[in-house]
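Computed from a predicted model, the values in this text were never measured in an experiment. So you know, we letter chains A, B, ... as the sequences are listed, proteins then strands, and number each from 1.
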Amino acid sequence: MKETRSYRSALAVTAAALLSLSLAPGLKAQANGDLLVRVQAQGSVSQVAGRLKQAVSQNGLMVMGQLNQGKILGMTGAKVESQSFFLGNPQLGKKLFAADEGVGVAVPVRINVYRDGQGHTVISYFKPSEELKAFGSPVLDKMAPMLDQKLHAIASAAATS
Amino acid sequence: MPSDTRGSTSRTLETGESLVALAAAGVSPNLFWIAQAGYAKLSWLGLHVLVPSVVVLAAVLVAAREQGHQRLVNRLLAGAGAGFVATVGLEAVRIAGFHLGGMPGSMPKLLGVLLLNRFMLGPSALSNVVGWAYHFWNGATFGIVFAVLLGRKPLAWALAFAELVGIGFLVSPAVRSLGVGFLALDMPWMIVTVVLAHTVYGLVLGLLARRWIREPGWLLA
């Protein structure tokens, strides 16, 4: 009987947690495994991209490059809404490359804003801590959570209007 | 100076101007494949090679007019005009082919983003204008090459010339870089589109060149 009650309460807590997540205003985060992070955002792709660029500078990074896959694929006749931003800063770059000269395959970190099949605008990125693990460098492992936090803060700020 | 010596000097000068015009006109169409082969960026080539080649062509036109080389002036203008109009015909086929799945993408738009070095950002109104202008300039310069080199020839010559241009495009690294394989063998309808488009180009070029070029014969002879 006691076991049944605790099972029920655990179920209720889980349901409440799921419900609160789904009702969180405009922000729905979903991690596919540990690597891919997806955050549902409010507004169109261009609106979210605009907010994202502002959030980038507020989090001590800069947009080092921008890739508009939607427009590029538009040249082939495909209709896609997708923009990628490459984020970093010189100081961070110096430290990362000092730790491993081959880190350029993972940085500047990339964040993507796109319209999914259901018409939702989504912000996605690969968690730097998971990507940088591949280098086996204690220095990079130490710096990676800071990048995780920055990307999380940027995605959260850009997701809500 | 005796008149036949003056005439000989003038002909030599006209031949020299013709060779410079041919070289300058041949620059533009080669830049795309050079860039796609990885030798240089199209944006750099556009500024440092294409623009000077246009200036050289304009200078040849002015010099030929000043020196009374009316035959060359006529061929430069007739060739450019015929090539330009023929490109409209080529575009009609290419655009239709693109919408029917016979082309991997919009070539003028691609040229525009490459020329303005904004591939990552995709096309803009300005890049589209630049890309279309470059595409039509290529058509005009092929017309100049045809008119200066061959002059008023039967239609079959223009058709053969245009198909050579089309085949040259298909075998160039530019096509392979589009992801359709060597000679566009992975996209057979592209071959059809290119051949048809250049057939129309050749027809229009040949008809207009016969109408607009005053003298037959080889200019370089």
Side-chain angles (χ1 to χ4, degrees), chain A residues 41 43-57 61-90 93 104-116 121-126 131 151 154 158, chain B residues 32 35-36 41-43 91-135 169 174-181 184 186-190 192-194 197:
Chain A
S44 66
V45 168
S46 59
Q47 286 169 336
V48 174
R51 291 201 299 266
L52 187 133
K53 281 189 264 188
Q54 291 170 0
V56 167
S57 63
L61 293 175
M62 63 171 85
V63 177
M64 302 175 76
Q66 192 174 337
L67 175 64
N68 194 326
Q69 293 115 322
K71 275 194 171 183
I72 292 168
L73 286 169
M75 291 192 286
T76 71
K79 295 197 189 318
V80 176
E81 281 191 74
S82 176
Q83 294 186 41
S84 283
F85 300 88
F86 297 89
L87 314 179
N89 71 37
V105 71
V107 298
V109 291
R110 177 177 180 163
I111 193 161
N112 184 227
V113 183
Y114 68 99
R115 171 87 62 185
D116 71 10
T121 301
V122 179
I123 302 169
S124 65
Y125 58 90
F126 289 132
E131 283 199 308
L151 287 190
I154 290 166
Chain B
F32 180 46
Q36 295 306 91
K41 288 181 83 169
L42 191 60
S43 53
E91 272 305 302
V93 178
R94 189 199 60 78
I95 291 169
F98 171 54
H99 288 294
L100 292 170
M103 287 294 282
S106 169
M107 198 57 67
K109 285 184 176 177
L110 174 64
L111 295 171
V113 294
L114 292 173
L115 275 167
L116 295 190
N117 195 21
R118 51 168 295 135
F119 191 94
M120 298 280 267
L121 297 174
S124 66
L126 180 64
S127 75
N128 287 343
V129 169
V130 169
W132 280 97
Y134 176 56
H135 191 50
F169 170 66
V175 165
R176 195 182 286 198
S177 74
L178 298 174
V180 290
D186 297 344
M187 194 180 198
W189 281 109
M190 180 174 170
V192 176
T193 305
V194 170

With rounding to the nearest 0.5 Å, note down the distance linking OG1 in Thr76(A) to CG in Leu178(B).
11.5 Å
Hey, is CZ on Arg51(A) packed in by over 12 heavy atoms from elsewhere, all under 6.0 Å?
yes
Note, Lys71(A) side chain near Leu121(B) side chain (heavy atom, < 4.5 Å)
no
Part of Pro123(B) lying under 4.5 Å from any heavy atom of chain A:
both
Distance check, rounded to the nearest 0.5 Å: Arg118(B) atom CZ versus Ile72(A) atom CD1?
10.0 Å
Side chain, backbone, both or neither: which part of Phe98(B) has a non-hydrogen atom closer than 4.5 Å to chain A?
side chain
What I'd like to find out is whether the side chain of Met75(A) reaches to under 4.5 Å of the side chain of Val113(B), using heavy atoms alone.
yes
Just so I understand: if I count every heavy-atom pair under 4.5 Å between each of Gly122(B), Ser124(B), Pro108(B) and chain A, which residue has the most?
Gly122(B)
